[in-house]
Number of protein chains: 2
Amino acid sequence: MVTLKQLAKELNVSISTVSKALNNSEEIGVETVKRVKELAALYNYKPNKVALSLKQNKTKTIGVIIPDVLNHFLAKVLFGIEREATEQGYNIITCISNESLEKEISSLQLLANGSVDGFILAVAKETQVKNETAHFVKTISQGLPIVMFDRVANDVLCDKVIVDDFEATYHATKKLIVENRRHIAFISNIDDLSVGKLREKGFLKAINEESKVKGSVLKINRLDDGQQKISEFLKGNRSIDGIISADNSSGIIAINTALSFGLKVPKDLSVIGYTSKSMSNHCIPRLTTIRQHAKDIGACAAQLLIKRLQNKSLNDVDYSTKIIKTSLIHGGSTLS
Amino acid sequence: MVTLKQLAKELNVSISTVSKALNNSEEIGVETVKRVKELAALYNYKPNKVALSLKQNKTKTIGVIIPDVLNHFLAKVLFGIEREATEQGYNIITCISNESLEKEISSLQLLANGSVDGFILAVAKETQVKNETAHFVKTISQGLPIVMFDRVANDVLCDKVIVDDFEATYHATKKLIVENRRHIAFISNIDDLSVGKLREKGFLKAINEESKVKGSVLKINRLDDGQQKISEFLKGNRSIDGIISADNSSGIIAINTALSFGLKVPKDLSVIGYTSKSMSNHCIPRLTTIRQHAKDIGACAAQLLIKRLQNKSLNDVDYSTKIIKTSLIHGGSTLS
DNA sequence: TTGAAAGCGCTAACAC
DNA sequence: GTGTTAGCGCTTTCAA
């Protein structure tokens, strides 16, 4: 990499002249500017990012801590973050907490040494289960803002971007009720996450509002064999005629299982899930889906963080929680 | 963030004394070391990463350029890279090329300003189609090593990690032939990728070795409706009794479609795909799958790069290409 | 045993 | 219009 020093030497001018010329300073003569720029272009000069970061005490880099990149939703949020960040001239350093509190803490600490200007993260499962928040508070108090998305720690004061999980699941359940379904099951393998709990609550509210509708809940451990669990469940509850799936796989498995029993979808059984677009065609008919607009969530989180980074005057009072509305996409596994 | 300067001031010693004490230099008296370390611990001192990078002219950061994080395979490789990198004390800056040559070039340029010590990447689709390699060569000549995985540019001299796509697809096809399948279809929506082509070649080789076996190929554009395409294809080719899917969805869709036609799997139709574990249960029976060990690919790529970064004596002669062997996982969609 | 000083690459206030 | 200088936070050589 060429440095200002080398350019200066070759041009027989001082380093600061070169610097100013490249930064279009008014002070420098047009002729000099031209000479400098030509040589810089020739050598493909680019200002050293590290030196700039040191000088300006900001890295233009965001630390992103994702619990699990194999989760399609989270990967899509990452995609949204990356795009927005890149557009605004920020890089992202990605850490994968693997749902572990310890890894989450170490990632936070590791990057809180000047590597990044702030964080975007979804809280790890273990962290939510143990309800641990000290590491977040500490990071923020060190001057590194955090934006949480999807899985948030309610007690921590910071910007947040969430989905209307409760509302969306409530309305999805209502929709099945309107379709005249009388025994609706809620299937979830994310019972331990805040979003999983919210979705269940939304479901239960809708069920409890209707005396003639029966509700059942099936919780699946992630280590369980989903196909087998769902198969047993449906066999043991023959009256089920509607299903809400809280995670991105159970709805698909439920449809395929029901079909293998000879049931007709959506005639005998109506299903709605939180599956992503690319998976929603893994059953015939396609799954009717609650879209979370993951990309928008990522973009929104990035915007919130960058805004805060660039506007020092924002103070603790200004923390905002953005709710990204879901949409219901009809896929054929429901009547309409 | 506390700096050496602040510690020095408070302790009434010089900056260099503090630095040496914290780095366990023999020069400094035990008593001083103790005092320094205590205060550093109290203030939770951490050496500023940016300053270290500037001083040592290396960032301990790897640039990772992924064509698409929503691709489960690529996401899993990213996971493998992240884990190995973290273990070895490296951070990763992730860029998503979105299969675009332009974004790939700009990501490379953007990080080649001192932000990273080297790159791990899979070549974008557009780059492969246009057979563009100049940007890779330029980056390497600037002293930033590249490790390519999965989708590689053969002409570029660098370390590579690939899968035995040709072999694996050849053997999978052979397996169907041994099962006495007589009309085997190859379905792919990744025809434009190097790996897609290799898989097709492996398929064709196996087919061409057997005169009594008929082969058909269905190429799906990513914008097409996969369900519809596959449905039409199977309807138009009733004799098909075996399917090899090159991508991670077509195999699942094919099974579900066949079942909806009333066919029995695997009795009437045998299917093998490249699907990932989490998706392989999106059909009943489960899809027999060629596992690519994506995590291992990522780990291997990271190891290769870090080894090169730490061993300046490695020269161009030493470039290696690692082949990660696939495994065939029986899932019920084949007879054995 | 400790400290002063140089330097990594850059910017900017201040001289000339 | 151009150059000198200091300083961002750190390591390291050399001097005391």
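What you see below is based on every heavy atom in this structure, not just the backbone, and it leaves out hydrogens, waters and symmetry mates. Lettering of chains follows the sequences in order, A, B, ..., and the numbering in each one begins at 1. Values in this document were obtained by computation on a predicted structure and should not be read as measured data.
End-to-end axis angle of the helix from C:dT1-D:dA16 to C:dC16-D:dG1, from C1' rotation axes over five pairs per end: 60° (rounded to 10 degrees).
Evaluation of the side chain to side chain donor-acceptor pair (under 3.5 Å) rule for B:Glu27 yields B:Lys20 as partners, not counting sequence neighbours. For the salt bridge (Lys or Arg N to Asp or Glu O under 4.0 Å) test, no residue two or more places apart in sequence or in another chain qualifies with B:Lys295. Contacts of A:Ala299 classified as side chain to side chain contact (heavy atoms under 4.5 Å, CB included), with partners at least two apart in sequence or in another chain: A:Glu84. Applying the side chain to side chain donor-acceptor pair (under 3.5 Å) rule to B:Ser107 yields no partners; only residues at least two apart in sequence or on another chain are considered. B:Asn113 meets the side chain to side chain donor-acceptor pair (under 3.5 Å) test with B:Ser115; sequence neighbours excluded. In this structure A:Asp117 satisfies the side chain to side chain contact (heavy atoms under 4.5 Å, CB included) test together with A:Lys58, A:Thr59, A:Tyr90, A:Leu309, sequence neighbours excluded. Applying the side chain to side chain donor-acceptor pair (under 3.5 Å) rule to A:Glu10 yields the partners A:Tyr43; only residues at least two apart in sequence or on another chain are considered.
Near DNA chain D, defined here as any heavy-atom distance below 4.0 Å, the residues from residues 24-39 of chain A are A:Glu27, A:Ile28, A:Gly29, A:Thr32, listed numerically.
Among pairs with a residue in residues 120-137 of chain A, those fulfilling salt bridge (charged side-chain N to carboxylate O under 4.0 Å, His left out) read A:Lys125-A:Asp192, A:Glu126-A:Lys130, at least two apart in sequence or across chains.
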Give me the distances for all protein-to-nucleotides 5-8 of chain D N/O pairs that come in under 3.5 Å?
residue, atom, partner, partner atom, Å
D:dG7, N2, A:Lys55, NZ, 2.5
D:dG7, N3, A:Lys55, NZ, 3.4
D:dC8, OP1, B:Lys5, NZ, 3.3
D:dC8, OP2, B:Lys5, NZ, 3.4

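Between A:Thr17 and D:dT2 there is no side-chain polar atom (N or O) within less than 4.0 angstrom of OP1 or OP2.
Among B:Lys103, B:Glu102, B:Glu104, the one residue that satisfies the side chain to side chain contact (heavy atoms under 4.5 Å, CB included) test with B:Ser106 is B:Lys103.
Within the 4.0 angstrom heavy-atom criterion, only backbone atoms of the sugar-phosphate kind lie near A:Val13; the bases stay farther away.
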Can I get a per-line list of side-chain donor-acceptor pairs under 3.5 Å for residues 139-151 of chain A, giving both atom names and the distance, sequence neighbours left out?
residue, atom, partner, partner atom, Å
A:Thr139, OG1, A:His135, O, 2.8
A:Ser141, OG, A:Lys138, O, 2.8
A:Arg151, NH1, A:Glu99, OE1, 2.8
A:Arg151, NH1, A:Glu99, OE2, 3.4
A:Arg151, NH1, A:Val123, O, 3.0
A:Arg151, NH2, A:Glu99, OE2, 3.0

